[in-house]
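Count residues from 1 along the sequence.
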Amino acid sequence: MSGPRHDMAATVVRALARHGQPWSALGLAAAVVGAVAVSPDPYLHATAARMLPLAVLAVSVAVVTGHAGLPTLGQVAPYAAGAYITARLALAGTDLAPLHLLAAAGAGAVTAGALGAVLVRYRATVFLMLSLAVAELTAITAAQWRTVSGGTDGLAGIPAPRLLPGLPPLTADRTVLLYTAAVAITATAAAMALLGGDQRTLLAAVRGNEARASASGHQVTAYLWTAQTGAGALAGIGGALLIHTHRWVTPADVGFSTAALALLAVVIGGATSLPGAAAATIAVLAVRDVVGAWLPGHAPLLLGALFVTAVYLLPGGLTALPARLASLPIRHHRRHRPALHTSDNPAQPVTRRTP
């Protein structure tokens, strides 16, 4: 399309990209979930719902990796804590979803806080390697702590949760999707609100120049530990949603592969964008589970191709897409008009050409 309509469309795109707020991504996510929920396909509902727990985990990784500047694979530890405490509460007869979420958030925060007391003293590659050890130890502990985790066989037959006493269990696929999406969007919005304003500025200062921030009197280690602990609570909520959507859990669900997928989603979505991390998680899982089903055995290759393509085309992740749209050139098309001057010298009297 060219001409005035093209100019208007390009102008609108640039205006939206320049003035759009991060909160609009949450509204878009709600609209997408609504569109999926309207579909009559229960398999689509179940598939979408089972993607959202990992999306919440990726959001927690984005808090630590993007905002605190600590690349991590260790968020699966609070994720596992939230999942197993939710499973045990459900198996013990406590089936209220709000209690599960509160218990999982608390377990995730405690786990992340205990680990963060050691991990936040390190930076960059050392922190990443220590978090890798945490991810591996999480899976090993889950496999060997049979009284809690059920060992390598995992825990199955977990009862469905209830929103309130007296209400029926959340068993319908559409209902589970709407519930899980509501919790995921609310948790992401809460994290974005807590990271706004002074907190975001302080973490950016620490991430940009830690020595200067420390010399200015800021408690750098305390800030990073707080971010790690808060992200742990978020990961714990993701673990609770894992139980509510899958209703089983094994050590493979909380191991290195899960941690790697979450970190990959953060890189693709944009390190400091929480909605971008969640959206990229959906894209990663769609490539692995949907596209990978058409090419059996090639899921790792597809994920590698997705990563390389995303890094090459969007170096800043999905977060950089609005800036790229804002930089689109706008060409102004003008109609050619007959010359009003008989000479290139504007000082000469103006004479009109006669046919």
Side-chain angles (χ1 to χ4, degrees), residues 19-27 29 55-72 74-75 77-79 82 101-102 104-124 127-128 131 183-238 262-263 265-267 269-280 316-320 322-323:
H19 300 292
Q21 298 296 325
W23 298 98
S24 62
L26 297 181
V56 176
L57 173 62
V59 170
S60 75
V61 174
V63 172
V64 180
T65 300
H67 290 272
L70 302 173
T72 181
Q75 288 302 102
Y79 183 69
L101 295 174
L102 289 175
V110 170
T111 303
L115 292 171
V118 177
L119 294 180
V120 297
R121 301 178 184 275
Y122 301 93
R123 302 290 181 269
F127 184 93
L128 180 62
S131 70
V183 173
I185 292 174
T186 302
T188 303
M192 292 172 62
L194 292 174
L195 286 172
D198 294 340
Q199 290 76 12
R200 186 185 186 93
T201 303
L202 289 173
L203 288 175
V206 172
R207 186 175 67 251
N209 194 325
E210 183 178 338
R212 177 176 293 183
S214 180
S216 300
H218 294 290
Q219 302 296 324
V220 171
T221 302
Y223 295 159
L224 297 179
W225 180 84
T226 302
Q228 172 89 7
T229 304
L234 197 59
I237 292 174
L263 185 57
V266 170
V267 173
T272 58
S273 174
L274 305 190
L318 295 177
T319 309

Check your understanding: Do you know which two heavy atoms are closest between G232 and P78, and how far apart they sit?
Key -> O-CB, 3.6 Å

Review point. Counting only N and O atoms by type, is there a donor-acceptor contact under 3.5 Å from the side chain of T72 to the main-chain atoms of G74?
Key: yes

Practice item. Working to the nearest 0.5 Å, report the span between OG1 of T229 and CG of L115. Key: 9.5 Å

Study note, to complete from the structure: Closest non-hydrogen contact found for F127 with L70 is CE2-CB, 3.5 Å

Practice item. Flag the pair L224 / R123 as yes when at least one side-chain heavy-atom distance between them is below 4.5 Å, and no otherwise. Key: yes

Practice item. Please name all residues satisfying side-chain contact (heavy atoms from CB on, under 4.5 Å) with A231, sequence neighbours left out, ordered by chain then number. Key: S60, V63, V64, Q75

Point to revise | From OH (Y79) to CG (L57), nearest 0.5 Å | key: 6.0 Å

Exercise for review: Identify the two heavy atoms, one from A104 and one from G236, that lie closest to each other, and give their separation to 0.1 Å.
Suggested key: CB-O, 3.2 Å

Review point. Do H218 and V206 pass the side chain to side chain contact (heavy atoms under 4.5 Å, CB included) test, and can you show the C-alpha distance, the side-chain angles, and the key distance before you say yes or no?
Key: CA-CA 9 Å; H218 294 290; V206 172; 5.6 Å; no

Practice item. Specify the closest pair of heavy atoms between A124 and P71, including all atoms of both residues, with the distance to one decimal. Key: O-CG, 4.2 Å

Practice item. Over all heavy atoms of both residues, which pair between R200 and T272 is shortest? Give the atoms and the distance, please. Key: NH2-O, 4.4 Å

**Study point:** For the student: nearest non-hydrogen atoms of A191 and L274, plus distance
**Key:** CB-CD1, 3.7 Å

Study note, to complete from the structure: Interatomic distance, CG@L195 vs OG1@T201, rounded to 0.5 Å, equals 11.0 Å

Point to revise | T65 side-chain N/O to V61 backbone N/O, donor-acceptor pair under 3.5 Å | key: yes

